[in-house]
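Only heavy atoms go into these numbers, but all of them, side chains included; no hydrogens, no water, no symmetry mates. First the proteins, then the strands, lettered A, B, ... as listed; each starts at 1.
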Amino acid sequence: MLDLEVGRAEAGRAAPARTRLTSVVVRLSGDSGDGIQVAGGQLTLSAALSGADLETFPDFPAEIRAPAGTTFGVSSFQIHIADHRVHTVGDRPDVLVAFNPAALKVNLPDLPPGALVILDPGSFRKRELERAGFAADPREDGTLRPFRVLEIEIGELTRKATAGTGVSAREAGRCKNFWALGLILWMYDRDRAPVAAWLERRFAREPELLAANRAALDAGHLFGEVSELLVPAFTIGRAQLPPGTWRTVNGHEALAYGLIDGARNAGLDLVYCSYPITPASGILQILAGLRALGVTTFQAEDEIAAVCAAIGASYAGAIGVTATSGPGLALKTEALGLAVATELPLVVIDVQRAGPSTGMPTKTEQSDLLQAVWGRNGDTPLVVLAAASPSDCFTLAREAIRIAAHHMTPVMLLSDGFLANAAEPWRLPELGGPPEFPVRFHGRREGFRPYARDARGVRPWVRPGTPGLAHRISGLERDFETGAISYDPANHARMTEARWAKVQAVARALPEQACEQGGPGARLALVGFGSTYGPITDAVGRARARGLDVAQVHLRHLWPLPRNLGALLSTFERILVPEMNKGQLTALLRAEHLVPAEPLSKVTGRPFTVEELVRAIEARLEDAP
Amino acid sequence: MLDLEVGRAEAGRAAPARTRLTSVVVRLSGDSGDGIQVAGGQLTLSAALSGADLETFPDFPAEIRAPAGTTFGVSSFQIHIADHRVHTVGDRPDVLVAFNPAALKVNLPDLPPGALVILDPGSFRKRELERAGFAADPREDGTLRPFRVLEIEIGELTRKATAGTGVSAREAGRCKNFWALGLILWMYDRDRAPVAAWLERRFAREPELLAANRAALDAGHLFGEVSELLVPAFTIGRAQLPPGTWRTVNGHEALAYGLIDGARNAGLDLVYCSYPITPASGILQILAGLRALGVTTFQAEDEIAAVCAAIGASYAGAIGVTATSGPGLALKTEALGLAVATELPLVVIDVQRAGPSTGMPTKTEQSDLLQAVWGRNGDTPLVVLAAASPSDCFTLAREAIRIAAHHMTPVMLLSDGFLANAAEPWRLPELGGPPEFPVRFHGRREGFRPYARDARGVRPWVRPGTPGLAHRISGLERDFETGAISYDPANHARMTEARWAKVQAVARALPEQACEQGGPGARLALVGFGSTYGPITDAVGRARARGLDVAQVHLRHLWPLPRNLGALLSTFERILVPEMNKGQLTALLRAEHLVPAEPLSKVTGRPFTVEELVRAIEARLEDAP
Amino acid sequence: MSAQAPVLQSPAPERPALQPAARQPKDYASDQEVRWCPGCGDYAILKAVERALAELRADPDRTVFVSGIGCAARFPHYLATYGFHGIHGRAPAIATGIKLARPDLDVWVVGGDGDMLAIGTGHLVHALRRDVDMVILILNNAIYGLTKGQASPTTPVGTRTASTPLGVVERPLNACEVALAAGARFVARGIDVQQKVLPELLVRAHAHPGAALVEILQNCVIYADGAFADVTDKAVEAEAQVQLRHGEPLLLAHGRKGLRPARDRLGLELVEIGPGGWREAGVAVHDERDRAAAMLLAALQPPMPVAVGVLFADPAAASYERAVRAQIEEARAREPGLDLDRVLRRARTWTVAG
Amino acid sequence: MSAQAPVLQSPAPERPALQPAARQPKDYASDQEVRWCPGCGDYAILKAVERALAELRADPDRTVFVSGIGCAARFPHYLATYGFHGIHGRAPAIATGIKLARPDLDVWVVGGDGDMLAIGTGHLVHALRRDVDMVILILNNAIYGLTKGQASPTTPVGTRTASTPLGVVERPLNACEVALAAGARFVARGIDVQQKVLPELLVRAHAHPGAALVEILQNCVIYADGAFADVTDKAVEAEAQVQLRHGEPLLLAHGRKGLRPARDRLGLELVEIGPGGWREAGVAVHDERDRAAAMLLAALQPPMPVAVGVLFADPAAASYERAVRAQIEEARAREPGLDLDRVLRRARTWTVAG
Ligand SMILES: Cc1ncc(C[n+]2csc(CCOP(=O)(O)OP(=O)(O)O)c2C)c(N)n1
Ligand SMILES: Cc1ncc(C[n+]2csc(CCOP(=O)(O)OP(=O)(O)O)c2C)c(N)n1
Ligand code: SF4
Ligand code: SF4
Ligand SMILES: [Mg+2]
Ligand SMILES: [Mg+2]
């Protein structure tokens with residue numbers, strides 16, 4: 001019977017005249033219990049499989065399990081589907097599916113006029129409305145006038161569709177998400193097959209649930225067909241993507257995989273030491289699940305123990321990695337000084353979140369930059385990198401390990417709450433070849449000096465156990481030659497200089513900074529770092545399409561800054577720095593290169609929208625001479 | 001018999017033709033056990049009483065009790081005595097008294113050609129020479145050729161002088177320091193009476209020791225007289241000091257007293273919470289001894305507990321203060337964010353020392369500046385002050401409490417290892433009047449809102465126990481109005497702005513930045529902060545005396561920077577920033593005011609010398625157009 | 001009047017601290033919507049705390065709840081008292097500062113097992129050894145709830161959690177043992193669902209003059225549901241718990257079993273009570289003043305019965321902050337009227353004439 | 001060969017770990033000049049450690065000493081082994097990382113009472129509960145030496161120190177009690193001057209498979225001279241100490257006195273040995289495997305005799321890092337030859353044609 005329906009569906013498939021879209025932004029929203037994220041995941045999958053480009057972002061509620069129907073219990077998922085490369089999840093949803101009043105309430109502010117709002121009237125009873133904090137029914141008091149509203153009895157129809165599959169009423173209700181998914185898939189002309197296949201796997205051992213969810217999926221899809229005139233039908237073409245095998249990946253996954261691949265290419269064991277904190281904990285959880293790859297994970301008693309254990313692991317000849325978020329990074333400050341003083345490799349990942357203090361743990365921000373670069377006692381330089389996109393996290397995690405291991409320095413890698421959870425298609429890299437940057441530990445006894453430096457100012461890495469090289473290291477100042485404790489004034493000056501030069505030397509080995517778009521001499525340059533890459537890229541692209549003379553410079557190396565950055569920046573008439581903080585990158589650029597950079601701050605816990613950046617660009621170029 | 005000798009001494013007093021000096025730098029140096037610091041203290045006293053201006057610095061060995069005769073066990077004391085105001089302890093000693101070879105070895109590098117070196121040949125036996133690491137006897141291998149050497153059997157003569165006072169040989173040996181002091185007092189025409197008086201008090205209960213030390217003092221003095229042709233005799237006039245009652249004070253004492261006076265003037269209890277660390281521990285020890293003034297001191301289990309307890313104390317309605325040095329400040333980073341988020345008063349003292357990490361705990365540096373200003377997760381502004389001299393510590397400690405209590409903000413007060421121990425004459429302030437800046441706690445119930453702000457952006461300070469005002473505060477982001485936890489995007493932006501504006505508002509209430517010397521438009525300005533004040537002041541003074549167009553700007557408010565600073569700096573042709581770090585103030589000035597400030601870094605763990613600054617000034621003004 | 005006089009008088013209450021009016025438990029609830037998961041054990045504990053406060057006729061305006069971070073640490077927001085929701089692990093330190101400044105305030109500290117026994121271990125231990133006068137509640141759910149289910153220092157060996165997919169390797173800490181070793185002079189253990197016992201324990205803890213620790217077994221329905229089922233389940237509780245009452249025998253299983261000093265070693269052993277009754281069986285009588293006994297009781301873990309109630313209450317209790325105040329008062333008495341000006345002049349001074 | 005193969009094989013020793021050549025104690029001394037104060041108890045402890053290393057035929061190249069900051073923490077500089085002089089309080093955490101990466105290394109942690117029981121409390125407790133295989137030495141001198149004489153967590157009440165001119169108010173911690181409460185499975189107490197006993201204790205501690213804690217009473221001649229005189233003075237030691245030997249009675253005062261289970265309560269009491277001998281007097285026999293007994297012994301403080309020797313040695317000991325490795329090996333065995341590439345492809349993938 002199911003098959004028959006599908007059959008009909010397939011049959012009806014060709015029929016509707018679908019409006020061709022270049023892109024669409026869909027947001028699913030409901031109670032934590034409504035299975036929003038699952039539906040989102042499946043929508044992503046079938047969109048990807050149909051050849052579109054996309055980016056997604058799940059928006060979890062701050063509370064673990066807030067009471068049903070409350071605004072703070074709302075869970076959302078947004079996807080941007082396009083027939084061209086996209087770099088953001090989309091400024092505002094074209095379509096919102098709101099499973100209950102709370103979901104509508106929470107998302108209303110984000111809706112552009114004319115957006116399509118799909119509601120389940122069955123959930124708009126008095127109690128739900130009150131819970132959501134609606135004085136009156138928004139469907140009646142004109143609240144929804146600016147939008148196109150589609151009221152569909154999703155709950156009721158799901159119940160009907162799942163009747164006879166043998167599931168309980170509660171279980172039937174839980175199928176709503178797949179009913180809605182079916183409808184969306186029909187609306188945007190995406191294939192159901194992969195979802196069906198996923199359901200088969202997921203509920204292999206629960207035939208009733210399988211049948212019920214499958215029925216809901218098909219029913220939703222069918223509903224689209226049969227109510228064609230009511231439900232708009234669109235289609236989106238394939239995007240031009242480089243050939244290869246693809247999957248979707250979010251920032252956390254990419255970081256975890258990058259660390260593993262980086263360690264392998266350095267020929268080092270990965271010892272990952274961390275203390276749980278939102279949003280960084282996700283990385284620990286992924287790596288803890290990959291012990292079969294030889295990953296050692298250690299959940300310490302606090303952040304200080306975590307970084308100290310990582311330092312110990314590096315001292316012992318593995319690559320010690322620790323990850324945290326703002327408050328945890330603050331706690332690691334003293335130990336980072338020890339890593340700098342002892343000149344040991346170390347990778348520190350900071351998944352930035354909104355501060356100060358506990359702030360808004362689940363919201364994104366870029367406000368740890370100056371802490372990363374300058375926030376330590378003493379003159380204590382280390383390397384700071386920032387990932388630009390979810391998949392870039394893979395590349396930079398590898399890079400962090402390479403730099404740490406080959407320059408004997410701590411490397412701080414900045415991610416943020418947005419990158420951590422945002423997902424995008426990722427072309428699988430070639431793996432498993434011979435190590436690309438293998439580490440050679442020092443073993444020569446002749447003339448061994450623990451702090452003797454090579455041409456790049458790098459001291460030898462000696463693994464305990466190496467015969468004849470037993471030596472002592474310390475956080476006290478050490479003699480430039482012997483490494484013994486030294487209070488000699490000239491020696492301290494020399495060592496301070498050497499630590500500085502060693503870190504600066506990292507920049508020498510790196511390619512020069514280029515422009516992502518536009519080039520030197522542009523009237524305006526947007527300079528960014530980290531997750532602002534997406535919106536800045538799309539905004540600059542749009543502005544340039546409108547003929548505006550604007551360039552894009554995106555920094556992945558924050559310290560040391562690229563060799564040629566000063567020269568490059570000095571060619572621009574004007575420099576605008578969009579950053580999710582009060583102007584920290586701006587301060588860094590001004591201090592280092594004395595350029596009149598101007599900050600464009602956004603500290604709402606949310607990414608920039610392309611639109612607000614385009615407006616900012618236009619404003620600058622109009623009032624510019 | 002003693003009296004008789006003194007009589008003779010007094011009689012002989014007028015005789016010698018004394019060369020008139022405007023200033024002299026004397027350094028006493030010997031084993032930790034030689035009583036160097038005691039002698040130094042007494043020399044300071046009689047110099048002060050004789051009306052000279054002075055500055056002193058004790059240089060303790062890094063080790064607690066190093067084996068006798070080793071270089072790392074050497075303890076020194078330097079005093080700069082002058083007939084005019086001086087701001088440093090003097091670049092290099094004109095006179096060195098070295099009680100043993102190790103002391104000579106350690107101090108040799110600091111001696112200018114022609115310096116007078118007083119040695120005790122009795123201590124230059126083979127063993128001592130080896131211990132000190134002299135291959136050959138420096139008196140014979142020409143090492144001392146550049147200097148005027150006076151070999152005096154101090155030990156032997158002390159033994160003789162103390163014979164018959166009934167002290168043991170060991171005790172007699174311990175009187176060496178007073179013998180040498182007697183000689184120095186004679187050489188520089190300082191009065192013995194105060195020293196004698198001090199001995200009376202000190203050894204009131206030990207008549208033998210009193211007699212012995214007294215005998216040694218007089219004998220040393222007498223030695224000067226009788227060997228006139230051998231021992232040079234000088235005199236130094238009185239300095240012009242403002243009228244009043246004076247004492248000497250070092251930075252630690254001044255800080256402790258300033259905190260007590262600040263708390264009193266705010267009408268608040270002082271709750272001082274700290275964890276021992278060199279060099280900050282001294283403050284805890286002074287305050288712990290002043291419980292009779294109602295001071296509460298708390299030695300916590302670590303720095304984090306210390307700052308958290310201080311925050312708790314401020315929350316409870318006292319003024320919470322915590323003090324530490326670099327590594328400890330690093331540990332407090334996270335909690336400082338909490339103080340900023342909850343907007344509570346707090347004073348954090350950082351006695352900076354050479355970093356990174358444990359570094360050189362007993363050596364001075366200014367390398368925590370950027371950590372103080374920018375070294376926290378999130379956009380987390382607070383107020384940063386830096387004391388310029390030992391006595392300035394008193395003023396700024398008061399100021400820190402005033403700002404913290406009246407602007408509801410943490411205030412970081414920077415001192416350093418040099419200021420902590422350096423001492424200078426201090427005119428006692430008028431105390432005990434009515435509180436100068438009393439705090440009024442909030443008590444009104446009507447329309448109470450924990451985060452409602454006044455015109456300066458300051459929220460009310462409510463003491464728990466206040467009827468009807470029970471409320472909750474948190475490190476999570478709070479609603480601008482109600483103070484309840486809020487994840488609202490616009491609210492977070494507004495609160496971030498408000499925290500920023502509140503701290504900036506502190507600058508509005510402060511006087512504009514003026515020049516210490518010279519004025520706007522000078523061809524060169526030296527801009528400094530903290531303990532570089534002394535050498536910069538004397539260097540700029542000297543350069544201006546030579547007709548060079550150089551101004552001096554000294555910052556005591558590092559964040560927020562003075563309102564008019566940008567305008568002032570823009571008037572100078574060139575800006576040189578002498579700082580004991582790799583250029584942190586320079587970075588701050590460039591970032592904030594986009595001025596081409598150039599750093600003059602010194603990171604040897606020692607203060608600048610006036611000479612090196614004068615040279616730097618000359619270099620800049622020569623090569624300048 | 002000494003210039004210092006204002007100092008240390010400031011904590012004077014803004015109003016006479018007369019016995020405040022009786023209140024209902026609900027009067028201690030704040031206006032904030034409680035946001036724990038439905039079914040969370042924290043709800044029951046919150047209720048027990050409100051009951052205890054009502055029984056104590058606590059004045060909300062002189063009561064301060066201090067917490068770190070975690071689900072448990074949300075506590076202060078839900079009470080109509082003064083509240084300080086601090087940072088992870090540091091609540092005991094913040095509370096110590098509050099008491100040092102204001103011994104007159106009634107301070108309660110609330111935290112989870114992660115808050116108190118992981119990142120906060122040092123602060124907990126030292127607050128207890130100092131005997132700062134406050135009640136410390138550890139809401140032990142054997143998991144990190146707020147961060148979504150990682151292992152905590154009290155998670156049993158072998159447990160699979162978000163951070164230990166292959167099972168926990170390290171052995172769990174026993175909060176009461178740690179507290180006793182730290183020198184705590186009041187140590188009790190309660191269970192979230194025991195609404196009769198729990199408020200009593202809290203009232204007892206509050207009455208104790210120094211630091212009082214109460215470990216509360218709390219069920220996290222989401223990430224560690226049933227973590228303590230082997231102790232708390234109605235079905236097993238009679239056998240799995242021994243309810244401690246001072247001066248009464250250590251009986252359980254409705255009096256069918258008891259604990260007595262082991263014959264062959266130093267320690268406790270379980271005995272069936274024969275017809276001769278508990279005395280004949282040699283069952284020990286609980287003496288809450290006996291620290292050694294408390295250590296043995298605290299150590300009991302399944303399959304032995306878990307001790308619930310007041311394990312240790314040292315009559316010799318004192319309070320740190322009062323001892324500090326006493327030192328200040330003594331110092332004052334020794335140098336009456338001393339002020340800063342006199343202190344400054346203790347050093348050798350000299351006068352420069354105008 | 002799996003792409004991951006190199007990983008976790010690297011700790012393979014650079015040379016066959018054959019029984020290394022015998023060495024003299026002095027061979028373990030580094031070239032660094034020892035800079036403790038003349039007369040400091042640390043000298044004796046350093047000598048005892050060198051003796052123990054010699055007895056163990058320890059290979060200096062596979063031995064790592066890790067420390068925090070303090071006079072005691074200078075230790076690594078004075079030994080010819082690998083050494084990591086870290087930061088204050090964090091040595092156990094650094095050492096844990098070393099062992100996680102290199103279970104093959106022999107790790108010793110050395111710290112003072114401030115290093116380990118103040119700022120380092122949490123790390124010490126958790127290293128012990130995890131049972132990371134290392135020896136932890138607490139050099140307890142009841143003072144902060146390096147920072148010139150402030151009170152430490154083990155300074156007795158009333159002691160006047162640089163930071164407590166009116167005397168310490170808070171009660172001291174007992175390192176062995178804290179260790180036992182943390183779950184330590186080897187706990188011993190030694191005394192700096194007991195050059196016969198101390199090296200033995202160190203050898204025993206080293207033989208223990210997990211975390212082994214040894215508290216060493218150490219005399220700071222400068223800031224706390226004689227802090228333990230009431231226990232260690234030759235004049236009193238016979239009465240003031242009970243030397244523990246497994247399987248032997250708890251006798252002291254040259255056999256004239258002993259410790260027996262108290263009659264009226266759970267605990268130990270001192271008895272004079274009558275003519276009937278120690279058995280008749282009911283003196284207990286030391287069973288170092290009995291944790292309950294260890295807790296009672298650890299708690300003994302003057303005027304009761306202080307227990308010296310091995311308080312607790314749990315035969316059921318294991319090592320954390322090996323358990324972690326075991327999990328990794330099991331996981332490997334379950335998914336042989338798994339590599340990152342395959343992991344990446346676990347997600348649904350799709351192909352874009354060229
Ligand atoms: C410095 C710091 N580290 C980590 C975190 C993240 N964090 C918040 S609560 C928590 C632990 C929660 O567990 P528990 O204390 O047992 O409380 P529960 O949620 O279980 O009640 C952690 C690790 C944080 N907020 N701050
Ligand atoms: C983070 C930090 N806080 C404080 C200090 C200062 N400090 C160095 S050693 C020490 C304690 C020394 O006492 P203990 O650990 O008992 O060692 P001891 O010197 O007595 O052997 C302190 C507080 C430091 N170096 N780092
Ligand atoms: S996660 Fe667990 S502890 Fe936290 S609120 Fe939910 S049920 Fe309670
Ligand atoms: S201060 Fe004390 S502990 Fe430190 S070296 Fe000297 S005697 Fe030993
Ligand atoms: Mg918990
Ligand atoms: Mg000590």
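With rounding to the nearest 0.5 Å, the separation of CE in C:M295 from CZ in D:R291 is 10.0 Å. Taking CG of C:L268 as the start and CG of D:L266 as the end, the distance is 5.5 Å to the nearest 0.5 Å. For the atom pair C:R129 CZ and D:L117 CG, the distance stands at 9.0 Å (nearest 0.5 Å).
In this structure the side chain of D:E170 never reaches within 4.5 angstrom of the side chain of C:D131, judged on heavy atoms. The shortest side-chain heavy-atom distance between C:R171 and D:R185 falls under the 4.5 Å cut-off.
Most heavy-atom pairs under 4.5 Å with chain C, from the set D:P261, D:P153, D:A182: that is D:P153. Note on D:G167, D:A284, D:A262, D:A299: by heavy-atom pairs under 4.5 Å with chain C, the leading option is D:G167. Note on D:E330, D:E177, D:H123: by heavy-atom pairs under 4.5 Å with chain C, the leading option is D:E177. By number of non-hydrogen pairs under 4.5 angstrom with chain D, the leading residue of C:V178, C:V285, C:D290 is C:D290.
Scanning both residues, C:A292 and D:L296, for their nearest heavy atoms gives CB-CD2, 3.5 Å. Closest non-hydrogen pair, D:H126 versus C:L173, comes out as CE1-CD1, 3.7 Å. Of all heavy-atom pairs between D:T121 and C:G122, the closest is CB-CA, 3.8 Å.
Looking at D:A331, only its side chain comes within 4.5 Å of chain C, counting heavy atoms on both sides. Only the side chain of C:R334 comes within less than 4.5 Å of a heavy atom in chain D; its backbone stays farther off. Using a 4.5 Å cut-off between heavy atoms, C:D287 makes no contact with chain D at all. At a 4.5 Å heavy-atom cutoff, C:L297 makes no contact with chain D through either its backbone or its side chain.
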Report task. Please step through side chain to side chain contact (heavy atoms under 4.5 Å, CB included) for the pair C:Q327 and D:V169, ending with a clear verdict. Result -> CA-CA 9 Å; C:Q327 278 195 341; D:V169 168; 3.6 Å; yes
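Under a cut-off of 6.0 angstrom, the local environment of CZ in C:R289 is sparse, with at most 12 non-hydrogen atoms contributed by other residues, nucleotides or ligands.
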